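Single-structure report; data block below.
Because the structure is a prediction, the values reported are computed rather than measured. Chain A is the first sequence line, chain B the second, and so forth, proteins listed ahead of strands; every chain is numbered from 1. Computed over heavy atoms, backbone and side chain alike; hydrogens, waters and symmetry mates excluded.
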Amino acid sequence: MDDDTGTLPQKGDFSAWYNDILWRAEIMDVRYPVKGLYVWYPYGFAIRKHVYAQLRNLLDRDHEETLFPLLIPEQEFMKEAEHIKGFEDEVYWVTHGGRTPLEVKLALRPTSETAIYPMYALWLRSHADLPMKYYQIVNTFRYETKQTRPLIRLREITSFMESHTVHATWDEAEAQVEYELALTCEFYDAFCIPIIISKRPDWDKFPGADYTMAVDAIMPNGKTLQIGTVHHLGEHFSKTFSITFEDKNGEHKYASQTCYGISERCIAALISMHGDDKGLILPPISAPLQAVIVPITIGKRHEDVLAAAEKLKTDLTAAGFRVKIDTRDMRPGAKYYWWELRGVPLRLELGPRDLDAGKVMAVRRTGEKTQIELASVTDEVTRVLREITGAIRARAEEHTKSHLCTVASMDALDAALNEEKVAVVSWCQQKGCADVIEEKTNASILGTNARSQYVSETQGACIVCGKPGKATLVGRTY
RNA sequence: GGGGUAGUAGGGUAGCCUGGUCCAUCCUAGAGCGUUUGGGACGCUUUGACGGCGGUUCGAAUCCGCCCUACCCCA
């Protein structure tokens, strides 16, 4: 393959690859003239639609979807002290209605606790109302001061799923945290994205939470991307917002709460984890088009081939697949590259030769090329798409496994990080030792209590002070 | 938070210091016509820009001011 034909940067240059593929594959347009705000192209939005449909399916098992306002009055926003401290530098304020200054400033939600919880206080009366499990998928605004990146660090998060649950006891809320972590695992597994769950250190938890469980994925360059969080809020917010209920004995008690969030970073992970030098690779469940039919129309067989392609499309569509025929006036080769860039999992090439043989050429985005019988095409496509999903998952797992290692000294940690790996070290859980680790390695403590099939819980001596420590993830982060 | 560099058509560049053109230029970019079509075809025709607002000037992509945006470095 000629070097000068591929214009997409190699995936090894991940940052350039990522920026380039977003517009080449028509996912996001970064040219909107406000910093940190980006535009979804229709193709990108179609991917989003399928990803979020899956998220809704999972949540709808036992949550209910709702919708709260974008604007939050200042006095509500300012109620919970820790929460304010965490967000006040990043809040956009609406100060005017037309030309009239507002008496009460209105915050554009950076997250919705302070919009939702005053209403929860009104809605919750009795233990019979519990548990309450609601979620919404909305945009949120944060005035990011660090460098913004499409889908990753945004001033308008366009697709923030936030779940807010209320429970009678702290233990029930804790069980809910576990349940939502399990949902997250299932969600990411559907898109073949390996994740690592860990408990964030205290200084990195959500402002106003008892503790934060975070979900990270390892990007191609070894940096981690936080793609989900579940927070146990304890009674911080219920005390502030008077979210109380009458228990069976008639006593008034504060509720215990959780919140849980996933944003369009999940799509950044989807793109980054699976794509290659040729472009996107979309797991079939997320692909706007699961198969594209490229008719090879030569000479007088035009009509025969097109008719056969139409029938093939009709059969596959009836079987529930998302399929399109590419009838554009382009050479077939150009179409192949076009759809490979956009990550379509399966290409079906249908020409006169195939037609005579009663077959169609099936080319997988993951590499293999086989002939399948037209007579049993829906069964074959079902099987092939399942195998493609399996191949994508295996590749992602291999990548994640190869970017993780366990080390026992600062030097080894530094070396591992420079090899673009995430490391597991023993750490005594003292802030002082964490500062030493973070400063010397220019990396971050991700968390403890790691849960991953790739990381084993180990006990050992803290790599800084030598006291007994716990297995802790350290990595460079986005 | 502090500092630096930059913004020219769909994308990429030159021009700017030293203000003055009828056509600036390159492309896997756009539009049109024709010949093509089993892994990125070719010919011809053609469109299109100086980030925004204001200032200086007979005249501004070029000089000045403010703003917006992007990228890089340092905390």
Side-chain angles (χ1 to χ4, degrees), chain A residues 1-10 13-39 41-43 85 88-90 92 142-156 276-280 292-306 308-309 312 325-342 344 346-372 374 435 438-444 476 478:
Chain A
M1 168 109 191
D2 299 338
D3 286 336
D4 60 347
T5 54
T7 43
L8 182 68
Q10 301 275 295
D13 184 2
F14 175 63
S15 197
W17 179 90
Y18 180 78
N19 288 332
D20 219 56
I21 201 165
L22 287 180
W23 74 266
R24 277 186 198 282
E26 297 181 303
I27 296 162
M28 302 299 293
D29 195 328
V30 302
R31 293 173 298 179
Y32 192 75
V34 178
K35 180 183 167 69
L37 274 55
Y38 306 100
V39 181
Y41 280 110
Y43 190 71
K85 250 194 281 173
E88 66 184 345
D89 290 338
E90 297 187 358
Y92 281 95
R142 297 180 187 178
Y143 187 76
E144 290 285 352
T145 53
K146 288 184 185 168
Q147 189 184 329
T148 54
R149 267 175 215 282
L151 300 178
I152 291 177
R153 178 163 283 115
L154 309 147
R155 287 191 170 173
E156 181 189 6
D276 66 9
D277 289 348
K278 291 180 177 177
L280 292 183
V292 63
I293 301 167
V294 179
I296 311 296
T297 51
I298 306 170
K300 54 194 171 194
R301 304 290 302 275
H302 255 249
E303 300 307 320
D304 289 353
V305 171
L306 281 179
L312 180 55
I325 304 176
D326 187 348
T327 54
R328 289 175 302 169
D329 183 20
M330 290 164 65
R331 297 174 71 89
K335 293 180 183 178
Y336 300 165
Y337 284 100
W338 170 276
W339 293 112
E340 280 167 0
L341 175 66
R342 285 162 180 75
V344 176
L346 182 63
R347 180 174 75 238
L348 299 170
E349 303 174 13
L350 188 62
R353 294 205 297 260
D354 306 296
L355 215 50
D356 293 340
K359 295 183 176 176
V360 60
M361 187 62 79
V363 185
R364 305 177 189 198
R365 183 61 181 80
T366 45
E368 307 86 321
K369 186 170 181 177
T370 50
Q371 276 199 324
I372 60 180
L374 275 171
D435 288 344
E438 294 193 340
E439 264 176 49
K440 281 199 178 171
T441 60
N442 192 26
S444 303
R476 302 214 163 110
Y478 266 104

Test of understanding: with salt bridge (Lys or Arg N to Asp or Glu O under 4.0 Å), list the residues that count as partners of A/Glu156, not counting sequence neighbours.
none
Using the [atom1] atom on both, measure [N] against [M] and round to a whole Å.
N: B/rG34; M: B/rC71; atom1: P; value: 44 Å
N: B/rA6; M: B/rC64; atom1: P; value: 12 Å
N: B/rG2; M: B/rU62; atom1: C1'; value: 31 Å
N: B/rG3; M: B/rG10; atom1: C1'; value: 34 Å
N: B/rA41; M: B/rA24; atom1: C1'; value: 29 Å
N: B/rG51; M: B/rU47; atom1: P; value: 22 Å
N: B/rA60; M: B/rC74; atom1: P; value: 42 Å
N: B/rG19; M: B/rC63; atom1: C1'; value: 8 Å

Length of the [atom1]-[atom2] vector between [X] and [N], whole Å:
X: A/Arg155; N: B/rC68; atom1: CZ; atom2: P; result: 10 Å
X: A/Gln147; N: B/rA75; atom1: CD; atom2: P; result: 17 Å
X: A/Leu350; N: B/rU37; atom1: CG; atom2: P; result: 18 Å
X: A/Asn19; N: B/rC72; atom1: CG; atom2: C1'; result: 14 Å
X: A/Lys359; N: B/rG38; atom1: NZ; atom2: C1'; result: 17 Å
X: A/Leu306; N: B/rU37; atom1: CG; atom2: C1'; result: 13 Å
X: A/Arg149; N: B/rA70; atom1: CZ; atom2: P; result: 12 Å
X: A/Asp326; N: B/rG40; atom1: CG; atom2: P; result: 16 Å

As a test of reading the structure: which of [options] is closest to the side chain of [X], going by heavy atoms?
X: A/Asp354; options: B/rG38, B/rG1, B/rA70; answer: B/rG38
X: A/Arg353; options: B/rG38, B/rG39, B/rC71; answer: B/rG38
X: A/Glu340; options: B/rU69, B/rG39, B/rG38; answer: B/rG39
X: A/Ala334; options: B/rG40, B/rA70, B/rG38; answer: B/rG40

Each nucleotide N or O in nucleotides 51-53 of chain B that has a protein N or O under 3.5 Å away: list the pair and distance.
none

Please evaluate residues A/Tyr18 and A/Leu151 with respect to the criterion side chain to side chain contact (heavy atoms under 4.5 Å, CB included), reporting the C-alpha separation (whole Å), side-chain torsions for both, the decisive distance (0.1 Å), and the verdict.
CA-CA 11 Å; A/Tyr18 180 78; A/Leu151 300 178; 3.4 Å; yes
Would A/Tyr336 count as stacking on B/rG39 if stacking means ring centres less than 5.5 angstrom apart and planes tilted under 30 degrees?
no
Report yes if the side chains of [X] and [Y] come closer than 4.5 Å at any heavy-atom pair, otherwise no.
X: A/Tyr336; Y: A/Glu349; answer: yes
X: A/Met361; Y: A/Lys369; answer: yes
X: A/Arg347; Y: A/Lys335; answer: no
X: A/Val30; Y: A/Trp23; answer: no

Could you report the tightest heavy-atom contact between [X] and [Y], atom names first, then the distance?
X: A/Tyr38; Y: A/Met28; answer: CB-CE, 3.6 Å
X: A/Ala25; Y: A/Leu341; answer: CB-O, 3.9 Å
X: A/Arg365; Y: A/Val344; answer: CB-O, 3.4 Å
X: A/Arg149; Y: A/Ser15; answer: NH1-OG, 3.7 Å

Hey, which of A/Ile325, A/Leu312, A/Val292 is the one that makes side-chain contact (heavy atoms from CB on, under 4.5 Å) with A/Leu348?
A/Leu312
Between CG of A/Leu355 and CG of A/Leu374, what distance do you get to the nearest 0.5 Å?
7.0 Å
Rounded to the nearest 0.5 Å, what separation is found between the CD atom of A/Glu144 and the CG atom of A/Asp89?
11.5 Å
Check whether any side-chain N or O of A/Asp354 sits under 3.5 Å from a backbone N or O of A/Gly351 as a donor-acceptor pair, and report yes or no.
yes
Between A/Arg301 (side chain only) and A/Arg353 (backbone N and O only), is there a donor and an acceptor less than 3.5 Å apart?
no
Each stem that RNA chain B is part of, given as range with range (3 or more consecutive Watson-Crick or G-U pairs, under 3.5 Å)
B:1-7 with B:68-74, B:10-13 with B:24-27, B:30-35 with B:41-46, B:51-55 with B:63-67
Between the protein and nucleotides 7-11 of chain B, list the N/O to N/O atom pairs that are separated by less than 3.5 angstrom.
| residue | atom | partner | partner atom | Å |
| --- | --- | --- | --- | --- |
| B/rG10 | O3' | A/Arg31 | NH1 | 3.1 |
| B/rG11 | OP1 | A/Arg31 | NH1 | 3.2 |

Counting neighbours of OH on A/Tyr43 that are heavy atoms of other residues, nucleotides or ligands and sit closer than 6.0 Å, is the number greater than 12?
yes
I'd like to know whether NZ of A/Lys35 has more than 12 heavy-atom contacts from other residues, nucleotides or ligands below 6.0 angstrom.
yes
Closest-nucleotide mapping onto RNA chain B: is A/Arg347 or A/Gly36 further toward the 5' terminus? I mean the 5' end.
A/Arg347
Of A/Tyr32 and A/Gly351, whose closest RNA chain B nucleotide lies nearer the 5' terminus?
A/Gly351
Could you go over nucleotides 29-32 of chain B and give all protein N or O partners under 3.5 Å, atom names and distances?
none

Enumerate the protein-to-nucleotides 34-36 of chain B contacts in which both atoms are nitrogen or oxygen and the separation is below 3.5 Å.
| residue | atom | partner | partner atom | Å |
| --- | --- | --- | --- | --- |
| B/rU36 | O4 | A/Asp329 | OD1 | 2.8 |
| B/rU36 | O4 | A/Asp329 | OD2 | 3.4 |

Side-chain N or O of A/Lys335 closer than 4.0 Å to phosphate OP1/OP2 of B/rG39:
no
Are A/Arg328 and A/Asp326 within salt-bridge range, i.e. N to O under 4.0 Å?
yes
